Amino acid sequence: MDALALEKKAQRNAELRERLLQLKKERNAIILAHFYQRPEIQEVADYIGDSFGLAQKAKETDADVILFCGVHFMGESAKILNPQKTVIIPDERAGCPMADMVNVDGLRKLKAEHPNAKVVAYINTSADVKAETHICCTSSNAKRVIESVDSDEIIWVPDKNLGHYVSQFTDKKMIIWEGYCNTHDQLSVEDIVTLKQQHPNAVVVVHPECRPEVVALADYVGSTTGILKYCRESEHKEFIIGTEDGTRYMLEKDSPDKTFIFASKYLVCPNMKVNNLKKCVEALENMKPEIYVPKDVADAARASLERMLEVAPGS
Ligand code: 13P
Ligand code: SF4
């Protein structure tokens, strides 16, 4: 983009920001955003977090309206935990392909094949799948959640990579669904090895949605909040980052004196990037798209989410 185009974009964003703040006040709304959102959205958000922090915040808020900037299952979780609130999202096409890799019929079949197993669902699942599960978890509390389950046999959905990662820390038998994140799963051993040769002093930090062979090369493995905290508190100055590019905004804000090398150009979740500032303004102006979850599904899914919040109240 040339200088003039950049200036115009900055001016347009400033106008949108102003309008958004005005609407937020009028609607008594809170803006929640995931760390993978565009910087322009993170700049205006009241709270930026990982999946766990966002679920917690959605439950606590006393705003009337939640504008949820993330992907669809996150907005659904906010609505399930807070059914009396209006939850709107910038664009209903912002889904999560990994969440779509498991459905109710398939899960019911697996449950019938393993009648003694309890289902642990990564929060990256739709509301109707959550309704079929015993407890939810996120990447920040998965180990703790699995140990809390009163069964030696666990059906794990939908992320095979996170499932493999947590299976190393438990004696329980894990029956793992074959889902994966299109974005994190693209990161290869070669990407890490090549960067490590170019930056021998850099520390390798990855999200557990990456493949096991990539996770095996990491110095630190954690959720987005975990990654941010690790980099902020580390004495090291150079990091090879194996998670979505949106975290760059907060990493650089937290630690302007450190260097963050993103491990692959493919670490961009196109679904998270569907949202932008203009759509946030339109959503609050029109109060749509609104998240709706049928009551029976929401009640069953809530039990699974609430169990997670009880087991890991402050992940
Ligand atoms: P966390 O924010 O919980 O680390 O999860 C990452 C993710 O892929 C969300 O879709
Ligand atoms: Fe889903 Fe992966 Fe995008 Fe997260 S990064 S929303 S898991 S596709």
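Below, each value reflects all heavy atoms present in this structure, side chains not excepted, and no hydrogens, waters or symmetry copies. Numbers here simply count residues along the sequence, with the first being 1. As the structure is a computational prediction, the values presented were derived from the model and not from experiment. We count ligands from 1, going down the list as the structure has it; atoms in each ligand are counted the same way.
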S304 vs T133, test: side-chain hydrogen bond (donor to acceptor under 3.5 Å, both in side chains). Steps then yes/no. CA-CA 6 Å; S304 185; T133 67; 2.8 Å; yes
Just by distance, no angles: are the side chains of T61 and Y47 close enough, under 3.5 Å, to form a donor-acceptor pair? no
Under the ring pair (Phe, Tyr, Trp, His ring centres under 6.0 Å) test, residues paired with Y230 that sit two or more places apart: Y220
If you have a sec, work out which protein heavy atom is nearest atom 10 (O) of ligand 1 and how many Å separate them, to one decimal? N124 ND2, 3.3 Å
List the residues meeting ring pair (Phe, Tyr, Trp, His ring centres under 6.0 Å) with F260, not counting sequence neighbours, and say none if there are none. F239
Protein contact of atom 8 (O) of ligand 1 - nearest heavy atom, named by residue and atom, plus distance: E209 OE2, 3.0 Å
When every non-hydrogen atom of I31 is compared with those of V44, the smallest separation belongs to CD1-O, 4.0 Å
For H34, state whether at least one heavy atom is located under 4.0 Å from any atom of ligand 1. yes
Going by the atom numbers of ligand 1, which of them fall below 4.0 Å from some non-hydrogen atom of S139? 1 (P), 3 (O), 4 (O)
Look at ligand 1 and say whether Y36 reaches it with a heavy atom at a distance under 4.0 Å. yes
Just to confirm my output: which protein heavy-atom neighbour is closest to atom 9 (C) of ligand 1, and how far is it? M74 CE, 3.6 Å
Using ring pair (Phe, Tyr, Trp, His ring centres under 6.0 Å) as the criterion, list what pairs up with F73, not counting sequence neighbours. none
So is there a nitrogen or oxygen of H184 less than 3.5 Å from a nitrogen or oxygen in ligand 1? no
What atoms of ligand 1 come closer than 4.0 angstrom to any heavy atom of D50? 1 (P), 2 (O), 3 (O)
T224 and D50: side chain donor to acceptor below 3.5 Å: no
With no hydrogens and no angle check, is any side-chain donor or acceptor of R302 less than 3.5 Å from a backbone partner on L81? no
Enumerate the atoms of ligand 1 whose separation from the nearest heavy atom of Y122 is less than 4.0 angstrom. 5 (O)
In ligand 2, which numbered atoms sit nearer than 4.0 Å to a non-hydrogen atom of Y36? 5 (S)
If you measure from each heavy atom of E244 to ligand 2, is any distance below 4.0 Å? no
Without swapping roles, check the side chain of E40 against the backbone of L277 for a donor-acceptor pair under 3.5 Å. yes
Would E209 and S139 count as having a side-chain donor-acceptor pair, cut-off 3.5 Å? no
Could you check whether any side-chain N or O of W156 sits under 3.5 Å from a backbone N or O of V166, counting only pairs where one atom can act as donor and the other as acceptor? no
So if I count the atoms of ligand 1 from 1 in the order they appear, which ones are less than 4.0 Å from some heavy atom of T224? 1 (P), 2 (O), 4 (O)
Of all the non-hydrogen atoms in the protein, which one sits nearest to atom 4 (O) of ligand 1, and at what distance? H207 NE2, 2.8 Å
Mark up the atoms of ligand 1 that fall under 4.0 Å of a heavy atom belonging to S51, in ascending order. 1 (P), 2 (O), 3 (O), 5 (O), 9 (C)
Just to be sure I understand the site: which N, O or S atoms from the protein are less than 2.8 Å away from atom 1 (Fe) of ligand 2? C96 SG
Taking a cutoff of less than 4.0 Å between a non-hydrogen atom of the residue and any ligand atom, is C96 in contact with ligand 1? no
From CD (E15) to CZ (R19), nearest 0.5 Å: 12.0 Å
State, to 0.1 Å, how close Y36 and T247 come at their nearest heavy-atom pair, and which atoms those are. CE2-CG2, 3.8 Å
Could you list the atoms of ligand 1 found under 4.0 angstrom from a heavy atom of S223? 4 (O)
For R93, does the CZ atom sit with more than 12 other heavy atoms under 6.0 Å from it, leaving out its own atoms? no
Quick one: look at E244 and ligand 1, take heavy-atom pairs under 4.0 Å, and tell me if it's side chain, backbone, both or neither. neither
